[in-house]
Chemist: 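Starting off with a structure, shown below.
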Amino acid sequence: LLTATKYTDGSKWRFLEHKGPVFAPPYEPLPDKVKFYYDGKPLKLSAPAEEVATFFAKMLDHEYTTKDIFRKNFFKDWRKEMTSEEKSKITDLNKCNFSDMNEYFKAQSEARKQMSKEEKQKIKEENERLLQEYGFCIMDNHKERIGNFRIEPPGLFRGRGDHPKMGMLKRRIRPEDIIINCSKDSKHPKPPPGTKWKEVRYDNKVTWLASWTENIQGSIKYIMLNPSSRIKGEKDWQKYETARRLKKCVDRIRNQYRDDWKSKEMRIRQRAVALYFIDKLALRAGNEKEEGETADTVGCCSLRVEHIKLYPKMDDQEYVVEFDFLGKDSIRYYNKIPVEKRVFKNLQLFLENKQPEDDLFDRLNTSILNKHLQELMDGLTAKVFRTYNASITLQQQLKELTCSDDSIPAKILSYNRANRAVAILCNHQRAPPKTFEKSMQNLQTKIDEKQNQLSAARKQLKAAKADHKASHDDKSKKIEEQLMKLQVQATDREENKQIALGTSKLNYLDPRISVAWCKKWDIPIEKIYNKTQREKFAWAIDMAEKDYEF
DNA sequence: GGCAAGACTTGGCGGGACATGT
DNA sequence: ACATGTCCCGCCAAGTCTTGCC
């Protein structure tokens, strides 16, 4: 576990120097011609109230501005920004008319799109300058890219799913809110003129450069390094090494939990069934959440009775469990799987005398589960199973799907299919792209055209042969290749309609498996990883040979 | 030993940069 | 040169797990 760690005392660095964060630009009041109307009459708002009003005005096209909770939360927070005079006048959100403001912002964004090349270039250069000045730090002896050096601008909190806090005001972050972390002997970042940092500290047991507390959940936000940095790369490597250690003992652990299904103790049975789900279905751990603070979502340990249904028989299968719940980001998990009889009987037992809203595993939580896992293997936690099962699935699928005589595009289709198997396992879904149908149609048109080209070329070839002229075979071959490429593209896109590959690629698949596969089949790594991904996985690209085994 | 705070990883989405075709 | 389509990246949120405190 310590092989990747630079220091043994738990410190993460010796030297850290940076320029601090970039703050959101200050609020620019609206031109006088842009009006806000209350109860049909124009009303000039104070700057603070106007700013918050613009947040709402910008969102008018979104469905959520019609939602009760959103409106209620917004109005409550908006009123806090009003002068007492405004407060007494503006008492009903339904009497507020933001449409003039909304149109103004639409025009603004249209104007931005219509900007000349020179103007766009100028903005680009300014961004580049900011990046050069604030986007890097020195950690130990290396210049490293910072992940998020810009402070999030104020706005209305949306959240995902049915969030009880949607519409609340996310307040502006000032230098006085920021804790700076750097090394004592570094050139300290300067707060903007006339301001002060909340605190400057020298804590080399953590990796962040700056932090502040946000006002919606009261949680801490951080400025940290980019995934390409040494500190993130080593951590990532360590994660996959832990997953590989699980590979060595997963059989033992599986036997153990199967055994535990028979335990006399309820808590052990629950633990064993939960672990089986985490292993087999790649469920997340499922920490407890504070009710009313976030959307109602669950993971394995927090599953409730209402989230599963048991079917002793379903079609030709026995002991089927149906899962239906909202997981992380309120993404629906729906699955029907046959389980061992013992698991089924246990589930029936866990459900006895319970209400739909009761916990399925009432004697279990993530802390108990992880404590148990820690005893089974050093560094083992619930999420290691997701990493392990994702990576081992990719490796197996690649072995199974790659055909040595396939062309490069066909091999890449196989890679994407292997990746897809993992994404499905991890339930990484996406909304079908808005332009999906159209883009499929376009592709089909191209395929048809190509087919026509091909038959034309073949006809030509036949004629040429009859005339004993030089062969045009090369031409049809080239067209055939292009056609095949298009067909592969169409298949890939269709299969990927509702699947998101990015998350598993970035977070769950040991990059050395992909690097080895590329080397083995002579696929350029650029076909699998884009520039950002190659930077993040530089360690693996350096390290893995074609015979690498996860 | 339980709980809140803290630190860090994982997640989907949309806008805009960039590529591609006409 | 321009329109259109694609993909990347930043945004910002939501998880997991550890640490620290009473």
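First the proteins, then the strands, lettered A, B, ... as listed; each starts at 1. Note that the structure is a prediction, hence the values are computed from the model and not measured.
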Chemist: Any donor-acceptor pair under 3.5 Å linking the side-chain atoms of A/Asp362 with those of A/Gln270?
Modeler: yes
Chemist: Would you say C/dA14 has OP1 or OP2 under 4.0 Å from some side-chain N or O of A/Thr294?
Modeler: no
Chemist: Answer with base, sugar-phosphate or nothing: what part of the nucleic acid does A/Thr297 contact at a heavy-atom distance below 4.0 Å?
Modeler: sugar-phosphate
Chemist: From the list C/dT18, B/dG6, B/dT10, which nucleotide is the closest neighbour of the side chain of A/Ile220?
Modeler: B/dG6
Chemist: Output yes when at least one side-chain N/O atom of A/Thr366 is less than 4.0 Å from OP1 or OP2 of C/dT16, else no.
Modeler: no
Chemist: Over all strands shown, is A/Lys328 touching base, sugar-phosphate only, or nothing at heavy-atom distances under 4.0 angstrom?
Modeler: base
Chemist: Under 3.5 Å, is there a donor on one side chain and an acceptor on the other for A/Lys221 and A/Ser211?
Modeler: no
Chemist: Could you label the plane-to-plane angle of the A/Phe98 and A/Phe74 rings as parallel, tilted or perpendicular, counting under 30° as parallel and over 60° as perpendicular?
Modeler: perpendicular
Chemist: Quick one: label A/Pro153 by what it contacts on the DNA or RNA (base, sugar-phosphate, nothing), any heavy atom closer than 4.0 Å.
Modeler: sugar-phosphate
Chemist: Please determine, for the side chain of A/Met224, which listed nucleotide (C/dA13, B/dC18, B/dT9) has the closest atom?
Modeler: B/dT9
Chemist: Has A/Arg386 got a side-chain N or O lying under 4.0 Å from the OP1 or OP2 atom of B/dG11?
Modeler: yes
Chemist: Any side-chain N or O of A/Lys113 less than 4.0 Å from the OP1 or OP2 oxygen of B/dG16?
Modeler: no
